[in-house]
Amino acid sequence: MQRIKNKLSTRLMNVCVASLCKAKQLEKAEGVIVDGIGIGLQPDVVTYNTLIAAYCRFVGIDVGYSIIHRMKNAGINPDIITYNSLIAGAARYCLLSKCPDLFDEMFEMSILLDIWSYNTLMNCFFKLGKPDEGYRVFQDILLRDVSVHSATFNILINGRGKDARRFLNELVESGHIPNAITCTTVMKCCFRYRQFEEGFKIFAEMRSKGYTYDAFAYCTVASLLLKTGRITEANEYLGYIITSGFSLNIVSFNTIFNLYCKEGQLDNAYQLLYEAEKGGLESDKYTHAILIDGLCRIGNLQEAQQQLNRMSETGFDSNLVAWNSFINGLCKAGHLDYATQIFESMDVKDSVTYSTIVRGLYKARRFRAASKLLLSCIRGGMKILKSDKRIVIDGLRSCGLTHEARKVQSKIRLAKLLHY
DNA sequence: CTAGGGTTAG
């Protein structure tokens, strides 16, 4: 009788630990376990797995891994879920090199990789832009005759991108019934590849099937509408998201926030931010980037700069999109030198950073500087837009620097030969 | 107790 009681209480403790972990309250979760042990409860594999998953998600894989020692000392062996959480952590923090050691350990304990492990790995490879490795994982799934899960298909759809719609048809033809996640995935892929009609068709189908029971599809569609200048329709869907009673998280909130910022309604944006924070939502890197871009758009560069500072203080110091937005704002306002100064102080830049400055320099008719930058971008192995190449060459020509223009052109060609 | 969908910049 006492043992049954304790088991029940362990389950209760686990529910408590899980909800604290979900809220990132890891110290409190640990406290609950300590208290539980204090009153004679025995943490089980679920208790430890919950904790390991949370550490791997919020802190890092090493801390997660250290719990394994604790559970072994308590006489509990890690299982496939333990290792899947560690694999997910390795994938999340780009530490796939740690996986072979994990696999070895699993092998020693006779724990086999399951579909969750494979899905995690496959998804990670696609996200890292290594589709071949992703497909190799899928081959492994088929070879080892592991039963697939609907998530497997969704990961594959994301990996295929451009052919997502066709892939969905094939799935349906082979008897698979796509769920809401599959549909949203395909719709997003359609939009990404400018297959707008196909995308909206999927959205209509989702609504008729009752697949729009949460804000996911609406956010996708509203953002697309905003991006393509269909503001009224975007507003309609966002209005619906607000009034429908969906529980709004930071992502749906960011979508609405973005509409206000793009529309220059910064007062509304700040009001929304205030209410979201009052409701316990934490701003993320998207919130910051959207706000900084919005401030730049209305020309309030000072406030944008301050917001960047606040952002860095709250731990989002490497938010490249926000910095790119700010550089763009500076260029638009004609502060080329300050923009260049910031550009040079940045440790991490991407092709958007370069492109923004190149375009800024072009508009300021500083063609030599623009071409110099374009070439250093190419040397860094980054993709450049055809239009950027065009404007630099045209710019040089337009002020009689035909020799330079030709030189830049041949250097670009040479770089292409070397890189591809 | 683990994996898959929505939000940002040129």
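The structure presented is a predicted model; accordingly, all values stated were derived computationally and were not measured.
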Hey, does A/Ser252 reach any base, or is it just sugar-phosphate, or nothing, if we go heavy atoms under 4.0 Å? base

Could you tell me whether A/Lys262 and A/Asp293 make a salt bridge, using a distance below 4.0 angstrom between a side-chain N and a carboxylate O? yes

Could you check whether A/Asp388 gets within reach of a base, just the sugar-phosphate, or nothing at all, counting any heavy atom under 4.0 Å? nothing

Do A/Arg57 and A/Ser85 have side-chain atoms, one donor and one acceptor, less than 3.5 Å apart? no

Pick base, sugar-phosphate or nothing for A/Asp79, based on heavy-atom distances below 4.0 Å to the nucleic acid. nothing

For A/Thr184, which contact category applies under a 4.0 Å heavy-atom criterion: base, sugar-phosphate, or nothing? base

Salt bridge flag under 4.0 Å for residues A/Asp163 and A/Arg166: yes

Under 4.0 Å, heavy atoms only, any strand: does A/His288 hit a base, just the sugar-phosphate, or nothing? nothing

Which atom pair, heavy atoms only, marks the closest approach of A/Ser283 to A/Ile250? CA-CD1, 4.1 Å

Taking any heavy-atom pair under 4.0 Å as a contact, classify A/Ile81: base, sugar-phosphate, or nothing. base

Base, sugar-phosphate or nothing for A/Ala215? Non-hydrogen atoms, less than 4.0 Å. base

Could you point out which residue of A/Asn77, A/Ile76, A/Ile81 forms a side-chain contact (heavy atoms from CB on, under 4.5 Å) with A/Val45? A/Ile76

Which part of the nucleic acid does A/Asp114 contact within heavy-atom distance under 4.0 Å: base, sugar-phosphate only, or nothing? nothing

Please classify the nucleic acid contact of A/Lys127 as base, sugar-phosphate, or nothing, using heavy-atom distances under 4.0 Å. sugar-phosphate

Using a 4.0 Å heavy-atom cut-off, does A/Lys262 contact any base of the nucleic acid, only the sugar-phosphate backbone, or nothing at all? sugar-phosphate

Considering every strand and a 4.0 Å limit on heavy-atom distances, what is the contact class for A/Ser150: base, sugar-phosphate, or nothing? base

Using chain A heavy atoms and a threshold of under 4.0 Å, write down where along DNA chain B the contacts begin and end, 5' to 3'. B/dC1 to B/dG10

Could you tell me whether A/Lys227 contacts a base, only the sugar-phosphate backbone, or nothing, with contacts defined as non-hydrogen atoms closer than 4.0 Å? sugar-phosphate

What I want to check is whether the side chains of A/Gln265 and A/Asn268 have a donor and an acceptor closer together than 3.5 Å. yes

Quick check: A/Tyr354 with A/Phe343 (ring centres under 6.0 Å apart)? yes

Classify the nucleic acid contact of A/Ser325 as base, sugar-phosphate or nothing, counting any heavy atom under 4.0 Å across all strands shown. sugar-phosphate

So what does A/Thr353 hit on the nucleic acid, given a heavy-atom distance under 4.0 Å: a base, only sugar-phosphate, or nothing? nothing

